Protein chains: 2
Amino acid sequence: MSDNNRRSMPLFPISIVISLTDLTARQIRYYEENDLIQPARTKGNRRLFSFHEVDRLLEIKDLIDKGVNLAGIKQMLAMKQEHLEEKAQAEIQQEDTTYNEDLSDKELRQLLKQELFDAGRLNKSSLRQGELSRFFH
Amino acid sequence: MSDNNRRSMPLFPISIVISLTDLTARQIRYYEENDLIQPARTKGNRRLFSFHEVDRLLEIKDLIDKGVNLAGIKQMLAMKQEHLEEKAQAEIQQEDTTYNEDLSDKELRQLLKQELFDAGRLNKSSLRQGELSRFFH
DNA sequence: CAACAGATGTTAGAAAAAGTAACATCAAAT
DNA sequence: ATTTGATGTTACTTTTTCTAACATCTGTTG
């Protein structure tokens, strides 16, 4: 399993997310209603959040605290996503043209996943994203 | 917050632990009853497990699968703990006699925690401990 | 072999946590 | 002065988790 997948595993009930983010249940549900997050659900319809989503909520909170409204946040998150995809693409090409001489398909896929993940971990300067990366091991 | 603390944060409800470990609720509660784990509780008395405890449960499961009974597991976990403490102690002394010239008390405590944590992350060869370290980031 | 102890399954009933939905509030924008 | 965006609050329902008791199964021991 890639690190990306690990960070996308639905693990946390809303109560824990509330304590980790200092958001209210109402806020979290409202942000979901407005498509800022998409928590998974248990069979019984309870929300389950991943690391990625908690990270995202921390970003959202930070922006809220700075007075950005939901529309603004939506834009920022979208832009960020694009940027990361670009960046990952660039790095993969870089990788491709430098030290990739004799790797098997399997190794290549592994590397790709790693790159994608690394990309995700960088570029978290201005926002509060990555808070959780520091939080957990 | 030290990594140790991060790994000791009560985060997971029993349902998630069940899915991560493939143990039954009955087993998990029974192991708690027999002091193999000490999950935290919510205000409302629901169990909350940390990374450390999930790791520990994976070790326990591995030993159970190998036919070790609870008494045996208890011994192994105790031994392991001792060994880690020894090791951490040794490493701290090492640290102490090499590059520790002018650290404040606070810095020392910080370092101590770090050492303890590093020790915890190593030496996970024979057992299945550390499974979670690979699982999450 | 019979009895026992260890480990786990199962069930019942109670309590906590989480869900939705509707209505309330309040500040900012129009 | 309204309207709208964001959040609080409350009521009621469903899911999840708890404890406790009893059932079952297996390996050990007298």
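All figures in this text were calculated on a predicted structure; none of them were measured in a lab. Convention: sequence-line order gives letters A, B, ...; per-chain numbering from 1.
In this view, A:R46 and A:T42 satisfy the side chain to side chain contact (heavy atoms under 4.5 Å, CB included) rule, not counting sequence neighbours. Shown here are the side chain to side chain contact (heavy atoms under 4.5 Å, CB included) partners of B:S8, two or more places apart in sequence or in another chain: B:H52. For A:R26, there are no salt bridge (Lys or Arg N to Asp or Glu O under 4.0 Å) partners, not counting sequence neighbours. Judged as a side chain to side chain contact (heavy atoms under 4.5 Å, CB included), and not counting sequence neighbours, the contacts of B:Q38 are B:D35, B:E53. In this view, B:Q81 and B:E85 satisfy the side-chain hydrogen bond (donor to acceptor under 3.5 Å, both in side chains) rule, not counting sequence neighbours. B:N34 is linked by a side-chain hydrogen bond (donor to acceptor under 3.5 Å, both in side chains) to nothing, counting only residues two or more places apart in sequence or in another chain. Checked against salt bridge (Lys or Arg N to Asp or Glu O under 4.0 Å), A:R47 has the following partners two or more places apart in sequence or in another chain: A:E32.
For the contact set between residues 32-48 of chain A and DNA chain D, defined by any heavy atom under 4.0 Å, the members are A:T42, A:G44, A:R46.
D:dT7 atom C1' lies 15 Å from atom CG of A:D22, rounded to whole Å. Summarising the geometry, the separation between CD1 on B:I28 and P on C:dA7 is reported as 16 Å, rounded to the nearest angstrom. In this structure, B:Y31 places its OH atom 8 Å from P of C:dA7, rounding to the nearest Å.
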What are the atom names and distances for every N/O pair under 3.5 Å that joins the protein to nucleotides 27-30 of chain C?
none

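Looking only at distances, no side-chain donor or acceptor of A:E82 sits under 3.5 Å from a matching main-chain atom of A:M79.
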What one-letter contact string describes nucleotides 20-30 of chain D from 5' to 3', where B marks a base within less than 4.0 Å of any protein heavy atom, S marks contact via sugar-phosphate atoms alone, and - marks no contact? -----------

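For the pair A:I14 and A:R29, the tightest heavy-atom approach, listed with the atom from each and the gap, is CD1-NE, 4.2 Å.
Sequence neighbours left out, not one pair with a member in residues 11-22 of chain B passes salt bridge (Lys or Arg N to Asp or Glu O under 4.0 Å).
Nearest nucleotide to the side chain of A:Q27, out of C:dA18, D:dG8, C:dA7: D:dG8. Side-chain proximity of A:S15 to the nucleotides D:dA6, C:dT8, C:dA18 is greatest for C:dA18.
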